[in-house]
Structures are given as C-alpha cells and as structure tokens.
Amino acid sequence: MTGTVSLVGSGPGDPELLTVKAKRLLDDADVVLHDKLPGPEILDMIPEEKREDVGKRAGGEWTPQEYTNRRMVELAEEGKDVVRLKGGDPTVFGRGGEELVHLAENGIPVEVVPGITSAVAGPAVAGIPVTHRDHASSVSFVTGHEDPTKEESAVDWDALAATGGTIVVLMGVGKLPDYTAALREAGMDPDTPVALVERATWPGQQVATGTLDTIVDVRDEAGIEPPAITVIGEVAGQRDRVIEFLRTDYGEASDESRADGGDDDA
C-alpha cells in the first residue's frame, strides 16, 4: 500500500509551540525529511534513525528541491508514512505549495498541517505586534530570498512603501542593504523603526533595533545572522515600550545596537 506524506509546519522553533497534531505525526512517522529551520530542540526530539536532512549543510552544500520531491514519492511508494518537516508554516515561503502539487501529480496521499509562522511569532516574542490599532492596519510578508533564476524581483518595494503598514521580510539578512535602500528611494521615512529578530524562540534568540537608515550598521555591529526576520514599520518601535517587563524563555541576548547609540535595553 502507498504511504502518506504530511507537510508539517514546526512553528518558529520552540518545541512547546508545535501543534498537538504535528507532535503526533512526528512520533508516528516512519521517516522525517527535514531542513535546519525547525530548530535544534525539535530535531533532537526525532530519533536519528528516522531523520533525513534535506536542507543546507556545512560547507554550503544544499539539497536540490528536485531530490526532495523525488525522495518523498519514493518513500511513500515503499509504503512509508513520511513527514516533510518545515520551519514555521509549510505554505509561507516554505515550498509547501510546490511539494503539494508534486505529490498530487504522482498520486501520493498528502495532507498539510499548518504551523505557527515565524513571520508573526518571531516579532511577537520580541515584543513587536505585526498589527496595532494605532500604528498598522495591514501587514505584508515578503521573502528576501527569491528564486535566483528569476530575471528580476517580483517584489514591488514602491508599492510596499506606500501601504503604510508593517513589512515583515523573511530570509532577508543578506539582502538588507538592497531592500532598505529601495524603500528609502520609494519615499519611506529613513527614521522608520526596524527590528531584526534572529533565531526567534531558539536558545540564544537575539534582537537588534534601529531605523531604516541605520539598520544595516546595526546588523553588522550586532552580528545578526540567518535565520532572522526583519520587521519594518512603526510597530517595531513598540519593543522599547515593553522590553523592561517582557519575559522570555529563549536566552535572548540584549539589543546590541540602538538607533541612538544608547545603552543595551535588556
């Protein structure tokens, strides 16, 4: 009999933020195909003998999507129940849509198990609501890492700058100078608050804050590295109002740099 494939979102990384269904499927799966984004604590919950890493590895090696697609089909045709484990939600910049279609076209029973997207959870645990009645009535989710085969970007930064809402960029640490410059050129105020949340809900979570004009220097001074989320908009300034009383279980480091060059705020 053909097995099944479950496209499972693991949330931002904290095992306690896994859904009950995600945990059950991980326990019952014959094979778990995962990348690095689920986070070390979640991956450690899965017996090594049933884990297969299909993400990026040391030395810059990475697994082609074509291999992952083929491997899911092969395992299901062997009668195995497979979990394709992704960080956040599988359909938010996680290639879940591509994999869903591929499995369906190959006659493989498939289900999608939503997860808490890091685009919302990352800012939230850092004290930043992506919407706020006083500051933002809309939020736009943008990838900072588009398909490299595209001839030009599909992101309209001019239109995003004009919305007046929150912009959340996933996988955008490396391209930070490019899109912050694009937003300034589109007329966004250089003093617009910006926050970077690195490894949200992982051990060692770090947050750094600045403005559209200073955030690249902030990134470099703080040593912010992927995976990290960029939050652009007035809501990013809300962190300063709650940081003194914000509780976290994630070993969060202090904000290393501030737009005003002041002391650490946590």
Side-chain angles (χ1 to χ4, degrees), residues 3-65 67-69 71-72 74-76 78 80-96 99 110-126 145 170-171 173 196-207 222-229 246-254:
T4 61
V5 176
S6 300
L7 306 179
V8 176
S10 65
D14 181 350
E16 292 188 330
L17 296 178
L18 279 170
T19 64
V20 173
K21 185 169 187 177
K23 180 63 168 63
R24 173 175 62 79
L25 289 170
L26 286 173
D27 290 341
D28 294 345
D30 297 308
V31 182
V32 177
L33 302 177
H34 68 88
D35 52 32
K36 293 294 191 295
L37 290 178
E41 292 182 296
I42 290 176
L43 294 181
D44 286 346
M45 293 167 53
I46 307 166
E48 187 173 353
E49 62 271 16
K50 71 177 188 180
R51 291 193 328 237
E52 290 190 21
D53 185 350
V54 293
K56 294 181 178 179
R57 293 178 291 279
E61 297 180 2
W62 59 283
T63 305
Q65 184 63 44
Y67 172 84
T68 303
N69 289 349
R71 186 65 176 146
M72 289 189 295
E74 289 173 349
L75 290 168
E78 292 172 7
K80 293 182 170 61
D81 290 328
V82 180
V83 166
R84 173 67 175 104
L85 186 66
K86 301 170 178 291
D89 182 276
T91 62
V92 180
F93 303 128
R95 300 189 182 182
E99 294 175 357
V110 57
E111 67 173 334
V112 179
V113 181
I116 300 173
T117 176
S118 58
V120 173
V125 297
H145 186 71
L170 288 81
M171 302 172 288
V173 175
L196 298 170
V197 186
E198 177 185 342
R199 299 180 185 275
T201 81
W202 294 25
Q205 170 184 300
Q206 180 170 311
V207 183
I224 298 292
E225 297 180 349
I229 296 160
L246 186 66
R247 297 180 59 189
T248 175
D249 296 327
Y250 308 118
E252 180 180 315
S254 300

Practice task
Could you grab the distance from atom CE of M72 to atom NZ of K80, nearest 0.5 Å is fine?
Solution key: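 That separation rounds to 15.5 Å.
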
Practice task
Look only at the side chain of D81 and the backbone of D30, and say whether a donor-acceptor pair between them is shorter than 3.5 Å.
Solution key: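 Here the side-chain-to-backbone pair does not exist.
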
Exercise for the section: Please round to the nearest 0.5 Å and tell me the distance separating atom CD1 of I229 and atom CZ of R199. Expected result: 12.0 Å

Handout entry: By salt bridge (Lys or Arg N to Asp or Glu O under 4.0 Å) - contacts of E198 (at least two apart)
Key = none

Practice task
Could you pull out the closest heavy-atom pair between G122 and A200, with the gap in Å?
Solution key: CA-CB, 3.5 Å

Handout entry: Under the salt bridge (Lys or Arg N to Asp or Glu O under 4.0 Å) test, residues paired with R95 that sit two or more places apart
Key =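 So R95 forms no salt bridge (Lys or Arg N to Asp or Glu O under 4.0 Å) with any residue.
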
Problem - Flag, side chain of W202 to backbone of P38, donor-acceptor distance under 3.5 Å - result: no

Validation: residues 110-117 side-chain donor-acceptor distances under 3.5 Å, sequence neighbours left out:
unit_1: E111; atom_1: OE1; unit_2: K21; atom_2: NZ; d: 3.0
unit_1: E111; atom_1: OE2; unit_2: S6; atom_2: OG; d: 3.0
unit_1: T117; atom_1: OG1; unit_2: A119; atom_2: N; d: 3.2

Problem - Short side-chain to backbone donor-acceptor contact, R51 and L43, under 3.5 Å - result: yes

Exercise for the section: Side-chain contact test, heavy atoms from C-beta onward, threshold under 4.5 Å: evaluate it for V54 versus R71 and give yes or no. Expected result: no

Return a table of donor-acceptor pairs under 3.5 angstrom between the side chains of residues 22-29 and protein atoms on other chains or two or more places apart.
unit_1: K23; atom_1: NZ; unit_2: D27; atom_2: OD1; d: 3.0
unit_1: K23; atom_1: NZ; unit_2: D27; atom_2: OD2; d: 2.8

Handout entry: Residues in salt bridge (Lys or Arg N to Asp or Glu O under 4.0 Å) contact with E41, at least two apart in sequence or another chain
Key = none

Exercise for the section: Using the side-chain contact (heavy atoms from CB on, under 4.5 Å) rule, pick out the option among L75, V5, L85 that qualifies with L33. Expected result: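 The option that passes is L75.
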
Practice task
Might you point out which heavy atoms bring V82 and A76 nearest each other, and give the distance in Å?
Solution key: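 So the two residues come closest at CG2-N, 4.3 Å.
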
Handout entry: Beyond-backbone contact of L18 with S10, side-chain heavy atoms, under 4.5 angstrom
Key =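 A side-chain contact under 4.5 Å exists here.
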
Practice task
Quick one: closest heavy-atom pair of D35 and G55, and the distance?
Solution key: CB-CA, 3.7 Å

Handout entry: Side-chain (K86) to main-chain (G94) donor-acceptor, under 3.5 angstrom
Key =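 Yes, because the side chain of K86 sits within donor-acceptor range (under 3.5 Å) of the backbone of G94.
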
Fill in the blank from the handout: Rounded to the nearest 0.5 Å, the CG atom of L37 sits from the CD1 atom of I42 at a distance of 10.5 Å

Exercise for the section: Looking only at non-hydrogen atoms, find the nearest pair between A228 and V173 and report the distance. Expected result: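 Result for this residue pair: CB-CG2, 3.4 Å.
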
Practice task
Tell me, please, which residues at least two apart from E225 pass salt bridge (Lys or Arg N to Asp or Glu O under 4.0 Å).
Solution key: none

Problem - Test item: T68 and Q65 side chains (from C-beta on) under 4.5 Å apart, heavy atoms - result: yes

